[in-house]
Amino acid sequence: MTGLGAKIVVILTPRTMTGTRSLIMTSGSASHLFATMLASVHTAAGAVLGGSADLSRVVVEPPRDPTHGDMATNAAMVLAKDAGKKPRELADALAEALRADALVEKVDVAGPGFINLTLKAHVWGDALRAVLATGNEYGRGTIGAGQKVNVEYVSANPTGPMHVGHGRGAVFGDALASLLDFAGFDVTREYYINDAGAQVDVLARSAYLRYREALGEDIGAIPEGLYPGDYLVPVGKKLAEEQGDKLRAMSEAEWLPLVRAKAIAMMMDMIREDLAQLNVHHDVFFSERSLIEGADQVGGTIATLRKSGEVYEGRLPPPKGGNLEDWEDREQTLFRSTAFGDDVDRPLLKSDGSYTYFASDIAYHKSKYDRGFTDMIDVWGADHGGYIKRMQAAVKAVSGGKAALDVKLVQLVRLLRNGEPVKMSKRSGDFVTLREVVDEVGRSAVRFDMLYRKNDAVLDFDLTKVIEQSRENPVFYVQYGHARGHSIFRTAQNEIAGFPTDAAARLERLKNAKVELLTDEGEFSIMRKLALYPRMIEAAATAHEPHRVAFYLYELASEFHSQWSRGGKESPHLRFIIQNDPEKTVARLALVQGIVTVLASGLALLGVDAPEEMR
RNA sequence: GCGCUCGUAGCUCAGCUGGAUAGAGCAUCGGACUUCGAAUCCGAGGGUCGGGAGUUCGAAUCUCUCCGAGCGCGCCA
């Protein structure tokens, strides 16, 4: 991070997470089975059509109907038009070329021109071996290619404790960052501290009141417009401890900066603790105030944009739906965001001459670009949706079109208790904090629950249901899958002579399993699912959608539970542990090891515990 | 009035960036515990993917247009 300019005040905090940050590139060719087959299809297409064909729309995917084979490609249908051939005709030619592939057992052409591939039986066993061989690193992708990406999330105002809505953004951003890291990007996790607006002055005045209270004064009711929450009581006490009654003799202009700085620092400590409790961490905390104190980077950015014609003095039309009573038509400093697709140009200076929040935000995102990020992701609450276009416009402007910003909106969290909505209002000080919720239900339940749906869907978070920890909560289903795998290992230690108790020794033993003994359809299905994991990681990372990981894990756990239950009294030969057949048992335990490895890997990405027993 | 995000089974939600007969959980009904954990599994019923039009070999997915919901709409952050 040597690119950090000296002028930029950032606080770098050491990451205490155990997650690896190293990029392990499986160098060279395709990193997983689907990518390998896609490459084979590309080769076949090149042989049939020559090198000039546009292959970008060709995909290799698992067919919805498993009787269609192991993989299917749309290549013939996508390429037919450019090739000037009928899809079926082209499919036949491609199929012929693919039959020569070393991994392919059978090729069929079906429907409008699908090419269905059935792979040789050993391929899936090889895939399972790959899971055991790479362990925790299985699924790590290369599509990021080490590219720097900045993920900004939480960025809650330092004026009080975090509520559940903040928690959703935190969990989403954290999981997305982990996912991108795993997909091979060089990820920086960032928090933007809004410590420069009017709201932190209100915070300071509120804290000053608590300071006077701490000195023994009767402050009565908290006046309207100040933060009433008692989380400021410790700030007042601390100020009294450190400053005595010195501040009381000062004018507001004198004490405010002191009190403000102390209050912000303590609020940030509190927020960091709340985040740590959720296992959410950041690499960089970036202060908005640092943009205007000392060298004025906001002014500098505006001046630069003015030179390039993207900032000008002008008038705006009055807002359409809003109240027009206090509307004053005046000339102001505007950013030409309409040149980048926004609906209206946006003001940079308030009527009192100070910068708007947007102006600071432009300078902030310019700093990201200056630090080498051309790939930026911001995670915002849904109420900031109207802000996206102007911010994307600003990123294009300050980077000369070289950087792109993706904004992920996390929708509202409706907090319920016994089906009744719980009111949340930071101003009243009467709200359920994130901390309370995490204390009640644990971070794993909170995180999985919040990641088990798309970020842009409204989330009903019913405290009663989550507290019940009923089977409706999918986190337990997945965790139970992981625990069940380890339960099987524990049983194997008792029932199979010489089966290792130590995890590393067990792994070594299972790596040598004769996986070709796994021939049951359910076992194949699970091996196929395991082989899909790297592809799912790539797709989820590309789409910036960590919820796909949660759904994948649920499906994998489901297949595992299902296979487990098939080994009942009607089909005892399908049990994982077969007393008189140690070789088959070891092969099946290798499958369990593969499941457990992938479940643990995915849960780690989501920041959810993978317990070895559920008791 | 404009913009953004949505609309999929009775309810809560997926749907792999345009693929083949749209899938899970809950709820309902019917089954499986002398099993390595039944916190599990198996089966059944349940759909005009909000309506309509378009794009093409092919649409829940892309475009347009209506309907409905939530959020936002100088000088708050």
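Sequence lines set the chain letters: A, B, ... in the order given, protein chains first and strands last, and positions in each chain run from 1. The figures that follow rest on heavy atoms only: side chains count, while hydrogens, waters and symmetry mates do not.
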- Given the C1' atoms of B:rA27 and B:rC33, what is the spacing between them in whole Å? 24 Å
- Message: Quick check on RNA chain B: between A:Gly567 and A:Pro112, whose nearest nucleotide comes earlier from the 5' end?
- Response: A:Pro112
- Whenever both distances are under 3.5 Å in a Watson-Crick or G-U wobble pair, mark it; put RNA chain B into dot-bracket that way, with [ ] for crossing pairs and | when the partner is on another strand. (((((((..((((.....[...)))).(((((.......))))).....(((((..]....))))))))))))....
- Item | Separation between the C1' atoms of B:rA59 and B:rU55, rounded to whole Å | 10 Å
- RNA chain B nearest-nucleotide lookup for A:Tyr355 and A:Gln332: closer to the 5′ end is A:Gln332
- Item | Candidates B:rG25, B:rA20, B:rC4 - which lies nearest the side chain of A:Leu409 | B:rC4
- Query: If you look at every heavy atom in A:Ile271 and A:Pro158, which pair is closest and at what distance?
  - Reply: CD1-CA, 4.0 Å
- Task: Starting from the C-alpha separation in whole Å, work towards a yes-or-no answer on salt bridge (Lys or Arg N to Asp or Glu O under 4.0 Å) for A:Arg548 and A:Glu538.
- Result: CA-CA 11 Å; A:Arg548 294 194 197 186; A:Glu538 284 184 1; over 6 Å; no
- Message: Quiz question: by atom type and distance under 3.5 Å, do the side chains of A:Arg490 and A:Gln493 form a donor-acceptor pair?
- Response: no
- Message: With no hydrogens and no angle check, just 3.5 Å: does a side-chain donor-acceptor pair link A:His384 and A:Asp378?
- Response: no
- Query: Which nucleotides of nucleotides 29-34 of chain B have their base under 4.0 Å from a protein heavy atom (B), which only their sugar-phosphate (S), and which neither (-), written as one string 5' to 3'?
  - Reply: ---SS-
- Can you sort out which residues in residues 385-394 of chain A have a heavy atom within less than 4.0 Å of RNA chain B? Ascending by number, please. A:Tyr387, A:Lys389
- Query: B:rC41, B:rG74, B:rA77: which one has an atom nearest the side-chain heavy atoms of A:Tyr477?
  - Reply: B:rC41
- Task: Look at the side chain of A:Met77 and decide which nucleotide, out of B:rG19, B:rC41, B:rC75, has an atom nearest to it.
- Result: B:rG19
Identify all pairs in which a protein N or O lies below 3.5 Å from an N or O of nucleotides 14-16 of chain B, and state each distance.
residue, atom, partner, partner atom, Å
B:rA14, OP1, A:Lys454, N, 2.7
B:rG15, OP1, A:His547, NE2, 2.9
B:rC16, O2, A:Arg535, NH1, 3.2

- Please determine, for the side chain of A:Ser562, which listed nucleotide (B:rC42, B:rA20, B:rA77) has the closest atom? B:rC42
- Query: Which whole-number value in Å describes the distance from A:Asp352 CG to B:rC75 P?
  - Reply: 12 Å
- Of the listed nucleotides B:rA20, B:rG19, B:rG25, the one nearest the side chain of A:Val78: B:rG19
- Beyond-backbone contact of A:Ile302 with A:Phe335, side-chain heavy atoms, under 4.5 angstrom: no
- Task: Looking only at side-chain atoms of A:Pro347, point me to the closest of B:rG74, B:rA20, B:rG25.
- Result: B:rG74
- Message: In whole Å, measure the gap between the C1' atoms of B:rG1 and B:rU63 for me.
- Response: 23 Å
- How close do A:Gln593 and A:Arg506 get, heavy atom to heavy atom, and via which atoms? OE1-NE, 3.0 Å
- Sidechain-backbone polar pair: A:Asp108 side chain, A:His68 backbone, donor-acceptor under 3.5 Å: no
- Answer yes if the side chains of A:Arg484 and A:His561 hold a donor-acceptor pair under 3.5 Å, and no otherwise. yes
- Neighbours of RNA chain B within residues 582-594 of chain A, by heavy-atom distance under 4.0 Å: none
- Item | C1'-based separation of B:rG54 from B:rG47 [nearest Å] | 24 Å
- Go through residues 571-580 of chain A and report each residue with a non-hydrogen atom lying under 4.0 Å from RNA chain B, sorted by number. A:Arg575, A:Phe576, A:Ile577
